[in-house]
Amino acid sequence: MKANSPSITAEATLVFRAVEAQRPSGQRVANDGLAQHFLSPRSTVIGQTWIPEPIARWAYNLGFPGMQGYIIARTRYLDEYFQNCLDSGFEQAVILGAGYDSRAYRFKDLARRTRIFEVDHPATQEEKKRKLRSVLGGLPDHVTYVPIDFTREALEDRLFEHHYDPGRQTVFLWEGVTYYITADAVDRTLAFVARHSGRGSSIIFDYTYDSVVNGTCPRREARLWRKTMIPRGEPLLFGIEEGGIEAFLTGRGFQTPTDVSGNSLKQRYFIGRNRRRKVSPIFGIVHATVASERGDVAIDGG
């Protein structure tokens, strides 16, 4: 992303969540009721423009078939995972690359019993805090905001400065981030989670495949996504070989990884009246637990 500007992708994702929240309850897959309050004036999925939002979404879905469906399904799946962790008594939650994530506020009754750390680029985080003050009247006490540039700063330094407790059971949410940072930054983040979190801690994140990043994937949305992100200052940098996520995580200090494909999300959420909605298969969502026996954790950038 551009150094002094909020993330474009965070804003586009926000539009999708806001639109989904307006659907009738029987057709709504994810329900982020705060999303519309974070939107900037004239925001659409193709940026700030006078083009009406329905036309912008039609154009987006033509070029990126299934991307909107994936983003909505991802929101729902991570919501459910987060809820389960809170219900299980997790003491801390760290939202990495938080963007306009609203879980700390939508799940407020449970979140008040859990310390929430929102970690994000300073430019995006400051814009979000400004909007939160407008929407909520102030910043909630149970949320700690941790500004960081993932490409240049160490997660452990920034979190420890903000009183993160490595002995507590913690859930790490990492949504829509990994493909925009380097392999080294991914590895160092996973190494922190594996080394500096309490027993039973876990992580959930989504990722794309190597073929999407290197341009060999033939799907239309993959080719166009890769092409359009370069001039926006958020190029695709990291992918994982399809089918390789289990080995990738077990070699980095995690156990029992569960991988969820786009097709699985389609079958899980897009049924009944939503059965015709597409979900792009170029992503995966994975969650795993920190291994009981930590050993050495790889941070070799591979």
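Because the structure is a prediction, the values reported are computed rather than measured. Residue numbers run from 1 in the order of the sequence given.
- Residues forming a salt bridge (Lys or Arg N to Asp or Glu O under 4.0 Å) with R74 (at least two apart in sequence, or on another chain): E175, D206.
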Please walk me through it: do H162 and Y145 pass ring pair (Phe, Tyr, Trp, His ring centres under 6.0 Å)?
CA-CA 8 Å; H162 288 78; Y145 301 93; 9.7 Å; no

As a quick check of understanding, evaluate side-chain contact (heavy atoms from CB on, under 4.5 Å) for I116 and I95, giving each step before the final call.
CA-CA 8 Å; I116 310 292; I95 304 176; 4.0 Å; yes

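- No more than 12 heavy atoms of other residues, nucleotides or ligands lie within 6.0 Å of CD in E246, so this atom counts as exposed by the packing criterion.
- Interatomic distance, I240 CD1 to D259 CG, rounded to the nearest 0.5 Å: 8.5 Å.
- In terms of heavy-atom proximity, V290 sits nearest to S197 at CG2-OG, 3.6 Å.
- Geometrically, R252 engages F248 in a cation-pi contact defined by less than 6.0 Å to the ring centre and at most 45° from the axis.
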Could you walk me through whether Q255 and T250 pass the side-chain contact (heavy atoms from CB on, under 4.5 Å) test, one step at a time?
CA-CA 6 Å; Q255 61 188 15; T250 55; 5.9 Å; no

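- Counting heavy atoms from C-beta outward, F64 and S280 have side chains that stay 4.5 Å or more apart.
- In terms of heavy-atom proximity, T124 sits nearest to G99 at CG2-CA, 4.0 Å.
- Here the two rings, on F16 and Y70, have centers that are 6.0 Å apart or farther.
- A donor-acceptor pair is defined here as one N or O able to donate and one able to accept, closer than 3.5 Å; such a pair exists between the side chain of T228 and the backbone of L224.
- Two residues are said to be in side-chain contact when any heavy atoms from C-beta on lie closer than 4.5 Å; L132 and F38 meet this criterion.
- Applying the ring pair (Phe, Tyr, Trp, His ring centres under 6.0 Å) criterion to Y209, with sequence neighbours excluded, gives Y207.
- Annotation: the span from R275 atom CZ to K266 atom NZ amounts to 9.5 Å, rounded to 0.5 Å.
- A donor-acceptor contact shorter than 3.5 Å is absent between the side chain of D32 and the backbone of R17.
- Here the side chains of E221 and P281 are in contact, with some heavy-atom distance below 4.5 Å.
- Put simply, the side chain of P235 does not reach to within 4.5 Å of the side chain of Y180, judged on heavy atoms.
- By the 4.5 Å heavy-atom criterion applied to side chains, E118 and K128 are counted as neighbours.
- Residues meeting the ring pair (Phe, Tyr, Trp, His ring centres under 6.0 Å) test with Y179, sequence neighbours left out: W225, F283.
- The neighbour count for R273 CZ, taken as heavy atoms of other residues, nucleotides or ligands under 6.0 Å away, does not exceed 12.
- Looking only at distances, no side-chain donor or acceptor of Y164 sits under 3.5 Å from a matching main-chain atom of F117.
- To the nearest 0.5 Å, atom CG of residue L265 and atom CD1 of residue I71 are 12.5 Å apart.
- Between atom CZ of residue F192 and atom CG of residue D157 there is a gap of 9.5 Å, rounded to the nearest 0.5 Å.
- The salt bridge (Lys or Arg N to Asp or Glu O under 4.0 Å) search around E242 returns none, not counting sequence neighbours.
- Under a 3.5 Å cut-off, the side chain of R223 and the backbone N or O of P218 do form a donor-acceptor pair.
- Linking ILVMFWY residues whenever their side-chain heavy atoms come closer than 4.5 Å, directly or via other members, places V19 and V29 in the same cluster.
- A donor-acceptor contact shorter than 3.5 Å is absent between the side chain of S102 and the backbone of Y105.
- Between the side chain of R168 and the main chain of Q92, no donor-acceptor pair closer than 3.5 Å is present.
- For the pair F205/L249, a side-chain contact is recorded, criterion being any heavy-atom separation below 4.5 Å from C-beta on.
- Within 6.0 Å of atom CD in E80, more than 12 heavy atoms from other residues, nucleotides or ligands are found, so the atom counts as buried in its surroundings.
- G239 and V213 get closest at one heavy-atom pair: N-CG2, 3.7 Å.
- A donor atom on one side chain and an acceptor atom on the other are not found under 3.5 Å apart for S261 and N263.
- Heavy-atom minimum distance, C85 versus V171: SG-CG2, 3.7 Å.
- Residue D141 places its CG atom among 12 or fewer non-hydrogen atoms of other residues, nucleotides or ligands, all under 6.0 Å distant.
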H196 and E156: CA distance, side-chain angles, deciding distance, side-chain contact (heavy atoms from CB on, under 4.5 Å) verdict:
CA-CA 8 Å; H196 300 296; E156 58 191 276; 4.0 Å; yes

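- Shortest non-hydrogen contact noted between R23 and R28 is O-NH2, 2.9 Å.
- Salt-bridge annotation for E161 and R158: present, with a side-chain N of the basic residue lying under 4.0 Å from a carboxylate O of the acidic one.
- A 4.5 Å side-chain heavy-atom check between D79 and R106 finds at least one atom pair inside the cut-off.
- The CG atom of L86 sits 4.5 Å away from atom OG1 of T114, with the distance rounded to the nearest 0.5 Å.
- Aromatic pair H287/Y81: centroids less than 6.0 angstrom apart.
- K129 is linked by a salt bridge (Lys or Arg N to Asp or Glu O under 4.0 Å) to E126, counting only residues two or more places apart in sequence or in another chain.
- Note: S202 OG to Q169 CD = 7.5 Å, rounded to the nearest 0.5 Å.
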Between T216 and N214, is the side-chain hydrogen bond (donor to acceptor under 3.5 Å, both in side chains) condition met? List the steps.
CA-CA 6 Å; T216 60; N214 65 31; 2.7 Å; yes

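- Hydrophobic clustering (side-chain heavy atoms under 4.5 Å, transitive across Ile, Leu, Val, Met, Phe, Trp, Tyr) groups F160 together with V94.
- Side-chain contact between F90 and S88 is present, with heavy atoms from C-beta onward closer than 4.5 Å.
- If you chain together hydrophobic residues whose side chains sit under 4.5 Å apart, L136 and L139 fall into the same group.
- Looking at E234 and R232, no side-chain N of the basic residue comes within less than 4.0 Å of a carboxylate O on the acidic one, giving no salt bridge.
- L96 and L237 fall into different hydrophobic clusters, defined by Ile, Leu, Val, Met, Phe, Trp and Tyr side-chain heavy atoms under 4.5 Å apart, directly or through other members.
- Every residue was checked against the side-chain contact (heavy atoms from CB on, under 4.5 Å) condition with A247, not counting sequence neighbours, and none meets it.
- Residues G97 and D120 come closest through the heavy atom pair CA-OD1, 3.7 Å.
- V135 and Y100 fall within the same hydrophobic cluster, where Ile, Leu, Val, Met, Phe, Trp and Tyr residues are linked whenever their side-chain heavy atoms come under 4.5 Å apart, directly or through other members.
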